[in-house]
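Counting starts at 1 for both ligands and their atoms, in listed order. Along the sequence shown, residues are numbered consecutively beginning with 1. The basis for the numbers below is simple: all heavy atoms, side chains too, and nothing from hydrogens, waters or symmetry mates.
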Amino acid sequence: MIDGPRDRPRRLRRTPAIRRLMAETRLHPAELILPMFVREGLDAPEAISSMPGVSHHSIDGLRRAVTEAAEAGIGGVMLFGIPVSKDATGSGATDDNGILNLATRAVIEEVGESIVVQTDLCLDEFTDHGHCGVLDAEGNVDNDASLERYRDMAIAQANAGSHLLGLSGMMDGQVAVVRDALDDNGFIDTAVLGYAAKYASAFYGPFREAVQSSLQGDRRSYQLDPANRREGLREILADVDEGADVVMVKPAMSYLDVLADAAATSPVPVWAYQVSGEYSMIEAAAANGWIDRRRAIEESVLSIRRAGADAVLTYWAVELAEWLRS
Ligand code: PBG
């Protein structure tokens, strides 16, 4: 007979009741945010083949889908717009009648009281070259000229009623420029989310199809190198310093170390974006019967929360919220 260990962690894993009591992290619908796509010129939803279960919406379809999202009790929606025509400066982004600004007005009217309506503030869906900013004479992304576009885009989105602007372009100084522009124009209550640590990731692949991206080349001159952890924290601190109300790490699952660093340091909420590739990998594996879909979804989002995210952007937000409530 051996003496047996004195330390028996299994004691706290014995029954469902004890496991429930001991859980360190829990999911709740209020901390889930659904990214949604609205496309100009549609009159019915159109499935996105690279993201099974996700669709492009018309403005009317979007109204219905956000109502459903609000009823599911999730915390917010993040809107992306896909215009019919694109140009070098992304003029659709700053047009009050551009698809994203029109959709924002519609959504605010529909559910503006019950859910936080957020808008993507970046030029890539609106530019014909597909970059997140405007280009200089040599074809490089011009940081400071892009900031001028972001400033105008911020005013247009705030005017449309967006509660929170999601700055995803990764230009240096973007949070400060947008914060100043909002304050100067009386939008002191419009919040700013800095996509502070956004990495140049292969996991955006399905999204690029979703937004019909016209990108040539890549975004490595502005998005972070996946090799760098310290630099992620530097970007987080810079956005906090510039006045971000919330900061974000993106993608989520391959960057949980960066997320944990941010969560340990940031004085403002830290969110994470579970991106299209993370979504589609699980969907594809589940469709093949290789993993248990529901367990994989729950575990993936739980792990992002455990690493330190206060809220998670995920394409499963509504479905997950419904599971959590049932
Ligand atoms: C850029 C943007 C991207 C995503 C959201 N906003 C990616 C990119 O750099 O192309 C990715 C979201 C996803 O993959 O789900 N405005």
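Protein heavy atom at the shortest distance from atom 11 (C) of ligand 1 is Lys250 NZ, 3.2 Å. For atom 12 (C) of ligand 1, the closest non-hydrogen atom on the protein side is Phe207 CD1, 3.2 Å. Regarding atom 10 (O) of ligand 1, its nearest protein heavy-atom neighbour is Arg208 NE, 2.6 Å. Scanning the protein for heavy atoms near atom 1 (C) of ligand 1, the closest one is Lys198 NZ, 3.1 Å. Protein heavy atom at the shortest distance from atom 14 (O) of ligand 1 is Ser276 OG, 2.7 Å.
Every atom of ligand 1 is numbered from 1 in the order shown, and the set under 4.0 Å from a heavy atom of Glu125 is 16 (N). Set against the non-hydrogen atoms of Asp124, the atoms of ligand 1 under 4.0 Å away are 1 (C), 16 (N). Per-residue contacts place Cys122 under 4.0 angstrom from the following atoms of ligand 1 (heavy atoms of the residue considered): 16 (N).
Distances between N or O atoms of Gln223 and those of ligand 1 include at least one value under 3.5 Å.
Around atom 15 (O) of ligand 1, the closest heavy atom drawn from Phe80, Tyr315, Tyr204 belongs to Tyr315.
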>> Is there a side-chain hydrogen bond (donor to acceptor under 3.5 Å, both in side chains) between Gln157 and Thr104? Walk through the geometry before answering.
In response: CA-CA 8 Å; Gln157 294 188 352; Thr104 303; over 6 Å; no

> Taking it one step at a time, do Leu193 and Trp271 satisfy side-chain contact (heavy atoms from CB on, under 4.5 Å)?
Replying inline: CA-CA 9 Å; Leu193 159 68; Trp271 293 359; 4.1 Å; yes

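Under the ring pair (Phe, Tyr, Trp, His ring centres under 6.0 Å) test applied with Phe207, the options Phe37, Tyr279, Tyr273 reduce to a single match, Phe37.
Using a 4.0 Å cutoff on heavy atoms, Gln274 does not count as a contact of ligand 1.
Salt bridge present: Glu109 and Arg63 bring a charged side-chain N and a carboxylate O closer than 4.0 Å. Under 4.0 Å is where a charged nitrogen must lie from a carboxylate oxygen, and between Arg64 and Asp60 no such pair does. Here Arg293 pairs with Glu283 in a salt bridge; the nearest charged N to carboxylate O distance falls below 4.0 Å.
Residue Asp120 touches ligand 1 through its side chain alone, judged by heavy-atom distances below 4.0 Å.
Remark: the Glu278 side chain and the Ser300 side chain contain no N/O donor-acceptor pair separated by less than 3.5 Å.
Among residues two or more places apart in sequence or in another chain, the salt bridge (Lys or Arg N to Asp or Glu O under 4.0 Å) test is passed with Glu31 by Arg305.
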